[in-house]
Amino acid sequence: MLNEFKAFIAKGNVMDLAVGVIIGGAFGGIVKSLVDDIIMPIVGAIFGGFDFSNYFVGLSSAVNAPTLAGARAQGAVLAYGSFITVLINFLILAWIIFMMVKGVNTLRAQVERKDNTPAAAPPPPADVQLLTEIRDLLAKR
């Protein structure tokens, strides 16, 4: 069983998947920072300076704090502002992945077109050329 496990781990697909998960986690952090630190402040400035992160609805009458952190300490809240931020993160990440896959597919199509282009046939050997010329001369008579 140990040898089978070693063979499974040594396969390229498993290693590619592990690298993809690690890079995906780091990339997720980049996208989160992009949304939280760049996009959401711009959106907030355009729409009157509001901050999505503090948009919530208290699910009990005891919740009356002005910030999400304070409201969560008071009771259950429906934090739809956080959901909007996460949704924007997802859409940006999905768009970037779509563009990457589209680029890779375009490159693959170009490579396949180059590979499928028939190479020029090499000229026939000299003896075959000579025999072809003799045949053509005899056909003219």
Side-chain angles (χ1 to χ4, degrees), residues 1-60 62-141:
M1 185 184 290
L2 184 59
N3 288 333
E4 288 180 44
F5 181 70
K6 286 180 186 177
F8 173 74
I9 293 297
K11 286 185 179 179
N13 294 342
V14 173
M15 298 307 281
D16 292 343
L17 179 62
V19 169
V21 167
I22 292 168
I23 289 175
F27 193 69
I30 291 170
V31 171
K32 181 176 179 3
S33 176
L34 174 69
V35 170
D36 292 346
D37 301 331
I38 295 174
I39 293 175
M40 294 311 282
I42 293 171
V43 170
I46 291 171
F47 292 106
F50 60 80
D51 180 14
F52 282 126
S53 64
N54 282 317
Y55 277 34
F56 62 91
V57 173
L59 298 179
S60 73
V63 176
N64 58 10
T67 64
L68 179 61
R72 283 186 172 158
Q74 292 176 343
V77 294
L78 184 66
Y80 65 90
S82 295
F83 175 75
I84 291 171
T85 303
V86 170
L87 183 64
I88 292 172
N89 282 345
F90 171 76
L91 291 174
I92 290 171
L93 187 60
W95 176 255
I96 291 170
I97 291 171
F98 167 74
M99 295 304 291
M100 289 171 50
V101 169
K102 183 177 168 112
V104 168
N105 288 341
T106 302
L107 287 174
R108 283 184 182 166
Q110 289 175 354
V111 168
E112 287 177 7
R113 277 192 298 250
K114 287 180 183 178
D115 290 345
N116 292 336
T117 305
D127 58 342
V128 173
Q129 284 180 345
L130 182 60
L131 290 172
T132 303
E133 289 174 15
I134 294 171
R135 182 200 65 203
D136 292 344
L137 288 172
L138 289 173
K140 287 182 183 179
R141 288 183 178 202

Original post:
What residues form a side-chain hydrogen bond (donor to acceptor under 3.5 Å, both in side chains) with Ser60, not counting sequence neighbours?
Top reply: none
Subject >> Partner set under side-chain contact (heavy atoms from CB on, under 4.5 Å) for Val101, not counting sequence neighbours >> reply: Ile97, Asn105
**OP:** Applying side-chain hydrogen bond (donor to acceptor under 3.5 Å, both in side chains), name anything that partners Asp37, two or more places apart in sequence or on another chain.
**Re:** Ser33
**OP:** Just jot down the side-chain contact (heavy atoms from CB on, under 4.5 Å) partners of Leu87, sequence neighbours excluded, or say none.
**Re:** Phe83, Leu91
Name the atoms and distances for all side-chain donor-acceptor pairs under 3.5 Å in residues 70-82, with sequence neighbours left out.
residue: Gln74; atom: OE1; partner: Asn64; partner atom: N; Å: 2.7
residue: Gln74; atom: OE1; partner: Ala65; partner atom: N; Å: 3.1
residue: Gln74; atom: NE2; partner: Asn64; partner atom: OD1; Å: 3.0

Original post:
Are there more than 12 heavy atoms of other residues, nucleotides or ligands under 6.0 Å from atom CD of Glu4?
Top reply: no
**OP:** Rounded to the nearest 0.5 Å, what's the gap from CD1 on Ile88 to CG on Leu34? Could you check?
**Re:** 10.5 Å
Original post:
Partners of Ile42 by side-chain contact (heavy atoms from CB on, under 4.5 Å), sequence neighbours excluded?
Top reply: Ile38, Ile46
Original post:
CD of Gln110 to CZ of Arg108: how many Å apart, nearest 0.5 Å?
Top reply: 13.0 Å
Original post:
Who are the side-chain contact (heavy atoms from CB on, under 4.5 Å) partners of Leu138, not counting sequence neighbours?
Top reply: Ile134
**OP:** Could you tell me which residues satisfy ring-ring contact (aromatic ring centres under 6.0 Å, His included) with Phe98, sequence neighbours excluded, listed by chain and number?
**Re:** Trp95
**OP:** Taking all non-hydrogen atoms of both residues into account, name the closest pair between Leu68 and Asn54 and its distance.
**Re:** N-OD1, 3.0 Å
